[in-house]
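Values reported hereafter were calculated over all heavy atoms of this structure, with side chains retained and with hydrogens, waters and symmetry mates removed.
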Amino acid sequence: MISANPAWDEFLRSHRWAVLTTLRTSGSPVSAVVAYALDGNELVVSTPQTTFRHASIARDERVNLCAFSNQEPFNFVAVEGRCNIERTDLVRTTKLVFKAIEGTGYEEPADLPGWLAEQQRVILRIKPTRVYGVIR
């Protein structure tokens, strides 16, 4: 479980988009919409290592991932945590992210290992330290 609240865990399992907030060198936050998936008691995000979020996490591992519903009443669950950058053995976790966004128009590439190398992808693995949310 990600949290002590089963409703928050179910929300994270049943949603696919989130806002990932990282920190600039100055300490100010910067956010981006990402797709995510659960991997056991952690969250994973696939991203190119050429992105700002990769660079900022390499400097400061503190992140906040806020998953949200796509319609009113706009429920959300936020996960504060520490993020590790994984550079090897990316196929299994990338498949989890593609499974999470199934049916949205994003399809897993036929040559996933080749795509991962070409896109210079990494996996951001978030280990939760605090989880909170509002589900109406």
Just wondering, do [Y] and [X] contact through their side chains at under 4.5 Å, heavy atoms?
X: Glu86; Y: Val44; answer: no
X: His15; Y: Ser69; answer: yes
X: Thr47; Y: Val34; answer: no
X: Cys83; Y: Ile126; answer: yes

If two hydrophobic side chains count as joined below 4.5 Å and joins carry through other members, does [X] share a cluster with [Y]?
X: Val91; Y: Ile123; result: yes
X: Ile85; Y: Val63; result: yes
X: Leu38; Y: Leu20; result: yes
X: Trp115; Y: Tyr106; result: yes
X: Val97; Y: Phe68; result: yes

Surrounding CG of Asp111 (heavy atoms of other residues, nucleotides or ligands, distance under 6.0 Å), is the total greater than 12?
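Yes, the 6.0 Å shell around CG holds more than 12 heavy atoms from other groups.
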
Please check this pair: side chain of [X] against backbone of [Y], looking for a donor-acceptor N/O pair closer than 3.5 Å.
X: Arg121; Y: Ser46; value: yes
X: Arg62; Y: Arg82; value: no
X: Ser28; Y: Arg24; value: no

Which distance, rounded to the nearest 0.5 Å, do you find between the [atom1] of [X] and the [atom2] of [Y]?
X: Gln49; Y: Gln119; atom1: CD; atom2: CD; value: 11.5 Å
X: Asn41; Y: Asp9; atom1: CG; atom2: CG; value: 8.0 Å
X: Glu72; Y: Arg136; atom1: CD; atom2: CZ; value: 9.5 Å
X: Trp17; Y: Thr104; atom1: CH2; atom2: OG1; value: 5.0 Å
X: Phe52; Y: Ile57; atom1: CZ; atom2: CD1; value: 9.5 Å
X: Asn84; Y: Lys127; atom1: CG; atom2: NZ; value: 5.0 Å

Quick check: closest heavy atoms across [X] and [Y], and the distance to 0.1 Å?
X: Leu23; Y: Pro29; value: CD2-CA, 4.1 Å
X: Ala18; Y: Tyr36; value: CB-CD2, 3.7 Å
X: Ile135; Y: Trp8; value: CD1-CD1, 3.6 Å
X: Ile101; Y: Ala35; value: CG2-CB, 3.4 Å

Go through Arg92 and Asp39 one step at a time and tell me if the side-chain contact (heavy atoms from CB on, under 4.5 Å) criterion holds.
CA-CA 10 Å; Arg92 183 189 68 79; Asp39 187 16; 2.7 Å; yes

For Arg53 and Thr22, test the side chains for any donor-to-acceptor distance below 3.5 angstrom and give the result as yes or no.
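No pair is found: no donor N or O on one side chain lies under 3.5 Å from an acceptor on the other.
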
Could you walk me through whether Asn5 and Val77 pass side-chain contact (heavy atoms from CB on, under 4.5 Å), step by step?
CA-CA 11 Å; Asn5 184 329; Val77 173; over 6 Å; no

